[in-house]
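To keep things clear, I will list the structure first and then write my remarks on it.
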Amino acid sequence: MKKTLSVLALSLCSSAAMASIINFEGTVSGPGTCPIEVVTPGGPSLPLIHLGNYNTFNFTKVGEETSPKHFALRVPASCVTGTQQAYATYQAGYGADQTNPNLYALKDGLGYSTGLGLAINDLATRLAPGTESMSYEVNDTTDTDMVFSARLVTTSATVTEGQIDTNVSFSVDIR
């Protein structure tokens with residue numbers, strides 16, 4: 001009888017174990033023909049472009065913009081023959097913003113802010129998703145930083161609190 005109760009007690013204790021799920025994410029990209037880095041203009045590599053921390057009351061109407069965050073695509077001199085022109089094209093990971101197709105959509109869902117889109121500008125103009133940038137002169141004697149800026153733009157008069165997250169891929173055409 002004692003053995004039966006011991007086995008029953010052990011099986012009751014072991015049934016209290018909980019199962020959990022671990023989510024992993026990442027990407028694998030091909031090297032392309034040239035190792036272009038995202039950098040601080042004139043400085044080191046950027047693992048992430050931080051757009052800033054804001055309060056909902058910072059945004060009161062459609063079209064408001066945050067301060068620009070500058071970044072550059074560094075084209076190594078080894079990727080260039082002589083002097084050429086380089087053009088960048090950005091693709092929106094979450095598509096174009098639904099209310100303003102010139103902006104890049106942000107991740108949505110539980111815990112994410114709404115009422116904002118991401119703008120990317122070259123030195124001359126705003127770049128809608130899939131639009132080629134102005135030309136940047138690149139040469140084979142020194143690395144070239146193609147300078148851009150990113151900022152948040154309100155797409156609604158009401159911005160909700162939450163995380164700001166998006167991903168944008170790019171390609172550089174040297175010709």
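This structure is a prediction, so every number in the text was calculated from the model and none was measured.
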- Heavy-atom side-chain proximity of Y136 to L73 below 4.5 angstrom: no
- Task: Search all heavy atoms of P101 against all heavy atoms of A96 and return the closest pair with its distance.
- Result: O-CB, 3.7 Å
- Between the main-chain N or O of T81 and the side-chain N or O of D140, is there a donor-acceptor pair closer than 3.5 Å? no
- Heavy atoms of S133 and M146 approach each other most closely as OG-CE, 4.4 Å
- Query: Can you check whether V159 reaches Y54 side chain to side chain, under 4.5 Å on heavy atoms?
  - Reply: no
- Query: What pair of heavy atoms forms the shortest contact from A92 to Y104, and how long is it?
  - Reply: CB-CD2, 3.4 Å
- Query: Is S113 reaching over with its side chain to a backbone N or O of T160, donor-acceptor style, under 3.5 angstrom?
  - Reply: yes
- Could you label the plane-to-plane angle of the Y90 and F148 rings as parallel, tilted or perpendicular, counting under 30° as parallel and over 60° as perpendicular? perpendicular
- Message: Quick check for you: to the nearest 0.5 Å, what is the distance between K61 atom NZ and T158 atom OG1?
- Response: 14.0 Å
- dist R74:CZ -> C34:SG (nearest 0.5 Å) comes out at 12.5 Å
- Query: Between E65 and R126, which heavy-atom pair has the shortest distance, and what is it?
  - Reply: OE2-NH2, 2.9 Å
- Query: Can you tell me if S149 uses its side chain to pair, donor with acceptor, with the backbone of K69 under 3.5 Å?
  - Reply: no
- Message: Under the side chain to side chain contact (heavy atoms under 4.5 Å, CB included) test against L103, which residue among T154, T155, L118 passes?
- Response: T155
- Query: Can any side-chain N or O of D97 pair as donor or acceptor with the backbone N or O of G117 at less than 3.5 Å?
  - Reply: no
- Message: Within a 6.0 Å radius of atom CD on E132, are there more than 12 heavy atoms belonging to other residues, nucleotides or ligands?
- Response: yes
- Minimum heavy-atom separation for E137 to T144, with atom names? O-CG2, 3.5 Å
- Task: Find the distance between OH (Y112) and OH (Y94) and round it off to the nearest 0.5 Å.
- Result: 6.5 Å
- Output the distance between atom OG1 (T166) and atom CG (L116), rounded to the nearest 0.5 Å. 11.5 Å
- Task: Would you name the heavy atoms of S67 and R151 that are closest together and state the gap between them?
- Result: O-CB, 4.0 Å
- For D108, look at atom CG and say whether over 12 heavy atoms of other residues, nucleotides or ligands are found less than 6.0 Å away. no
- Query: Any donor and acceptor pair, going by atom type alone, linking the side chain of D143 with main-chain N or O of A77 inside 3.5 Å?
  - Reply: yes
- Would V62 and N100 satisfy side-chain contact (heavy atoms from CB on, under 4.5 Å), going step by step from the backbone distance to the final call? CA-CA 10 Å; V62 174; N100 184 339; over 6 Å; no
- Query: Any sub-3.5 Å donor-acceptor pair from T56's side-chain atoms to E161's backbone N or O?
  - Reply: no
- Query: How long is the span from the CG atom in D145 to the NE2 atom in H70, to the nearest 0.5 Å?
  - Reply: 13.0 Å
- Message: Quick check for you: to the nearest 0.5 Å, what is the distance between S156 atom OG and F59 atom CZ?
- Response: 11.5 Å
- Query: Do V153 and L127 share a hydrophobic cluster, counting only Ile, Leu, Val, Met, Phe, Trp and Tyr and linking them when any side-chain heavy atoms are less than 4.5 Å apart?
  - Reply: no
- Query: Would a hydrophobic clustering, with Ile, Leu, Val, Met, Phe, Trp and Tyr connected at side-chain separations under 4.5 Å, put V138 with Y87?
  - Reply: no
- Task: Answer with yes or no whether the side chains of S171 and T89 bring together a donor and an acceptor at under 3.5 Å.
- Result: no
- Message: Counting C-beta onward and ignoring hydrogens, is there a side-chain heavy-atom pair between L51 and T66 closer than 4.5 Å?
- Response: no
- Treat each ILVMFWY residue as a node, draw an edge where side-chain heavy atoms are under 4.5 Å apart, and state whether I36 and V39 are in one component. no
- Would you mind reporting whether T131 and T125 have side-chain heavy atoms less than 4.5 Å apart? no
